[in-house]
Each structure stands twice: as C-alpha cells, then as structure tokens.
Amino acid sequence: MAYWLLKSEPSVYSWDRLVADGRTHWDGVRNAQALNNLRAMQPGDRAFFYHSNAGKDIVGVAEIVRAFYPDPNDRSGKLGMVDVRPVMPVPQPVTLAQMKARPELAGMALLRQSRLSVCPVSEREWQVICEMAGIGPETARSGD
DNA sequence: GCCAACGTTGGC
DNA sequence: GCCAACGTTGGC
C-alpha cells in the first residue's frame with residue numbers, strides 16, 4: 001500500500017463536500033508528474049486531503065477505491081482519474097507551516113514542489129503527519 | 001530544438 | 001494582489 005497527498009482548493013472541492021458525496025472522481029489533473037502519481041495509485045492506498053490556498057492544511061484522510069482509468073471526455077487519451085472516498089477527518093489539522101517546521105518532512109514532495117497537486121508521501125512521512133494530526137497510523141490504515 | 005512570451009498554481 | 005516557480009506554446 002502506498003501513501004499520497006491530494007490537493008484541492010476548498011472553494012473548488014472541499015473535504016466537507018467529499019464527505020457529503022461519499023465518493024468522487026479525482027479528475028482534472030493535467031500536470032504530467034501529477035498524472036504519473038495518479039496512474040500509480042491502487043485501491044486501498046491512503047491519501048491525505050490537503051486544502052490549498054485557503055487553509056493550507058491537511059484536514060482528512062481519504063482512500064483510493066478505484067485505480068486509474070481514462071477520462072472519457074479526453075480525446076488525447078492521456079488524461080484520467082481515480083475514485084476516492086473519505087475515511088476520516090483529522091482531529092488536528094496539520095498546517096503547511098507545521099510541516100515545514102519538521103526536519104523529518106523536509107524531503108516531502110509537497111514542500112519541494114509547491115505546484116504539484118498529487119504528491120507521493122513516504123511511509124515515514126505518513127507516520128509523522130499522522131502523529132501531528134492526532135491519529136494513530138494504524139487507525140488511518142485500517143480505516144472506518 | 002531553442003527560447004521568449006505567456007499561462008497557471010499556490011504560497012505569502 | 002503580488003510574485004516565484006514552474007509548464008506550455010509557438011515563432012524562428
């Protein structure tokens with residue numbers, strides 16, 4: 001199982017909306033690197049849900065429930081999406097500033113490439129952030 | 001194939 | 001609102 005981080009502007013698609021929807025298509029990704037990350041996702045993988053621009057914090061944990069499949073509306077055949085569902089909100093949102101302050105997280109793709117909207121997260125990074133968020137990593141893993 | 005101009009993302 | 005850090009486009 002792999003770990004990821006999904007960015008979304010709350011004004012465009014918020015965590016609350018994902019919770020209300022119960023499941024959604026994670027589409028609209030155009031950046032080649034972000035698309036590569038999407039393609040690597042497998043059902044059961046976990047992802048932090050990060051609010052960009054407004055908030056700038058991790059507010060929830062989501063699960064990949066369907067691997068990459070092509071976007072039927074894309075003629076180029078390159079674009080695609082995965083399906084995700086909410087697992088749980090985090091008791092303590094973790095801000096970008098808090099993550100920047102942790103040496104263990106200095107290598108994070110999120111911090112190194114601010115424009116990357118779909119980022120990989122290492123197991124170590126996942127554990128550190130879960131701790132900061134007030135959730136046990138095993139809780140985030142088993143879900144529900 | 002280079003590179004200037006332009007567009008976009010997202011932190012500040 | 002500004003701007004840095006990209007990515008993309010198109011003329012040459």
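Note on naming: letters A, B, ... go to the chains in the order of the sequence lines (proteins, then strands), and numbering restarts at 1 for each one.
Listed pair A:K56 / B:dG10 fails the phosphate criterion, with no side-chain N or O lying under 4.0 Å from OP1 or OP2. Considering only side-chain N and O atoms, A:Y50 lies nowhere under 4.0 angstrom from the phosphate OP1 or OP2 of B:dT9.
Atom CG of A:L35 is separated from atom C1' of C:dG7 by 13 Å (rounded to the nearest Å). Note: CE (A:M108) to P (B:dG11) measures 12 Å, nearest angstrom. When rounded to the nearest whole Å, the span between CZ of A:R30 and P of B:dG10 equals 14 Å. Rounded to whole Å, atom P of C:dA4 lies 19 Å from atom CD of A:Q113. Between A:N53 atom CG and B:dG11 atom C1' there is a gap of 8 Å when expressed in whole angstrom units. Between A:K100 atom NZ and B:dC12 atom C1' there is a gap of 9 Å when expressed in whole angstrom units. Following rounding to the nearest Å, A:L96 (CG) and B:dG10 (P) show an atom-to-atom distance of 12 Å. We find that CG of A:L79 is positioned 11 Å from P of C:dT8, with the value rounded to whole Å.
Taking the side chain of A:Q33 as heavy atoms from C-beta on, and the options B:dG10, B:dC12, C:dG7, the nearest nucleotide is C:dG7.
Qualifying side-chain hydrogen bond (donor to acceptor under 3.5 Å, both in side chains) partners for A:D71, counting only residues two or more places apart in sequence or in other chains: none.
Rounding to the nearest 0.5 Å gives a distance of 7.0 Å between CE of A:M99 and CE of A:M132. A:H51 NE2 to A:L6 CG: the interatomic distance, rounded to the nearest 0.5 Å, is 11.0 Å.
Between A:F49 and A:W4, the ring centre distance reaches or exceeds 6.0 Å.
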